[in-house]
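Order of listing sets the numbers, starting from 1, for every ligand and every atom in it.
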Amino acid sequence: MIKKELSKIISQKEIAADVYELIMEADLVSEINAPGQFVHIRVSNGFDPLLRRPISICSFDKKAKQFTMIYRKDGRGTSLMSDMEPGMYLDVLGPLGNGFPVDEVNAGETALLVGGGIGVPPLYELSNQLIEKGVNVIHILGFQTKSAVFYEKEFTENGMTFITTDDGSYGRKGFVTDVIKELSFDCLYTCGPTPMLRAIEKGNPDKKLFLSLEERMGCGIGACYACVCHSSDASGSSYKKVCSDGPVFRAGEVII
Ligand SMILES: Cc1cc2nc3c(=O)[nH]c(=O)nc-3n(C[C@H](O)[C@H](O)[C@H](O)COP(=O)(O)OP(=O)(O)OC[C@H]3O[C@@H](n4cnc5c(N)ncnc54)[C@H](O)[C@@H]3O)c2cc1C
Ligand code: FES
């Protein structure tokens, strides 16, 4: 069930250049059913900004009723969020969307998790859940530059982790797709900028592949049609809503 509540900020810290880790306490944690779901946040009590901001759930702890988000300070909404302090409250709607299907890989198989920039956070909970199942997990995390890198230690504790930077200032120089070519795996899960998702989908036509998409959102619950993308299913509906049908889709399900 989707809940709307005032959630308490437990902690907030900058973990990379303009990238913040925010830990919240919220009853809605009990309703999270898959990694890759997101929450929709109202960052101000007034009318500016009016629309909520969608942010992925990076990890959660049902016992402690806490969840973690990682976001990049970008426009007005996320800048306001970055000024908030522990003890303050945020109006949060969630959990929303359909997340990554963990049951598509079995114990002993290998899952490749590929994240780009601010698409990395939802892969962390996915990695934790796959590890718990006994799946071998390999991560490839791509960033623009060294100062943007975060959670390397956390991912490395779960499994082999490759870091790439566009400018070569840290890890391997180049794109995540260069590393994918060198590895063998049973299932690939990815989240990141659309050009990266497109390249991964095109380069791995025969693989079991799940992609998490980003679209500008209004309601976040499937009512306003702000977030539609084209479906590739000619016999069915011609579009899908990223907020309620996604954000995670099987490769080929939507046209990206
Ligand atoms: C399902 C989903 C999960 C996301 N998870 C994360 C995350 O974990 N960490 C993170 O840093 N960012 C994430 N984003 C992107 C994040 O929502 C935007 O960066 C944020 O809304 C920008 O808000 P702003 O007020 O700072 O910027 P502004 O540019 O002022 O925002 C203006 C409007 O555009 C929308 N918007 C702007 N950029 C995006 C975008 N890339 N995607 C969707 N809507 C956008 C905003 O919601 C708002 O309605 C996610 C987006 C989606 C759709
Ligand atoms: S944001 Fe309103 S339908 Fe998706």
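Under a 4.0 Å criterion applied to the non-hydrogen atoms of Tyr71, ligand 1 contributes the atoms 9 (N), 10 (C), 11 (O). Heavy-atom proximity to Thr78, at under 4.0 Å, picks out these atoms of ligand 1: 24 (P), 25 (O), 26 (O).
Between Lys208 and Asp186 there is no salt bridge, since none of the side-chain N atoms of the basic residue sits less than 4.0 Å from a carboxylate O of the acidic one.
For the residue pair Thr177 and Ala199, the shortest heavy atom distance occurs at CG2-CB, 4.0 Å. Considering every non-hydrogen atom in both Phe100 and Cys191, the closest pair reads CZ-CB, 4.4 Å.
Distances between N or O atoms of Ile55 and those of ligand 1 include no value under 3.5 Å. Considering backbone and side-chain N/O of Pro54, one or more are found under 3.5 Å from N/O of ligand 1. For ligand 1, one of its N or O atoms has an N or O atom of Gly77 under 3.5 Å away.
The heavy atom nearest to atom 9 (N) of ligand 1, considering only Val19, Ile70, Ile41, Val39, is found in Ile70. By heavy-atom distance, the residue among Arg53, His40, Gln37 lying nearest atom 23 (O) of ligand 1 is Arg53. The closest heavy-atom contact to atom 35 (C) of ligand 1, among the options Met69, Arg72, Arg216, comes from Arg216. Here the shortest heavy-atom distance to atom 10 (C) of ligand 1, taken over Val43, Ile118, Leu51, belongs to Ile118.
Closer than 4.0 Å to atom 52 (C) of ligand 1 lies at least one heavy atom of the protein.
Heavy-atom separations between Arg76 and ligand 1 include at least one value shorter than 4.0 Å.
Given atom 6 (C) of ligand 1, the protein heavy atom at minimum distance is Ser56 N, 3.7 Å. Scanning all protein heavy atoms for the shortest distance to atom 41 (N) of ligand 1 gives Glu214 OE1, 2.6 Å. Protein heavy atom in closest approach to atom 19 (O) of ligand 1: Asp74 OD2, 4.1 Å. Among all protein heavy atoms, the one lying closest to atom 43 (C) of ligand 1 is Glu215 O, 3.1 Å.
One N or O on the side chain of His40 and one on the backbone of Gly218 form a donor-acceptor pair closer than 3.5 Å. Checking side-chain atoms of Gln37 against main-chain N and O of Gly97 turns up a donor-acceptor pair under 3.5 Å. Without hydrogens or angle criteria, Lys240 side chain to Val254 main chain gives no donor-acceptor distance under 3.5 Å. At distances below 3.5 Å, at least one donor-acceptor pair connects side-chain atoms of Ser169 with backbone N or O atoms of Lys146. Formation of a donor-acceptor pair under 3.5 Å by the Thr165 side chain with backbone atoms of Tyr170 is found in this model. Checking side-chain atoms of Thr161 against main-chain N and O of Gly159 turns up a donor-acceptor pair under 3.5 Å. A donor-acceptor pair under 3.5 Å links the side-chain atoms of Glu125 to the main chain of Phe60, judged by distance alone.
Between Ile57 and the choices Ile70, Val39, Val29, the side-chain contact (heavy atoms from CB on, under 4.5 Å) rule is met once, by Val39.
Relative ring orientation between Tyr71 and Tyr20 is described as parallel, the plane-to-plane angle staying below 30° on a 0-90° scale split at 30° and 60°.
Below the 2.8 Å limit, atom 2 (Fe) of ligand 2 has as protein N, O or S neighbours Cys219 SG, Cys224 SG.
Side chains of Tyr189 and Glu104: no donor on one and acceptor on the other come within 3.5 Å.
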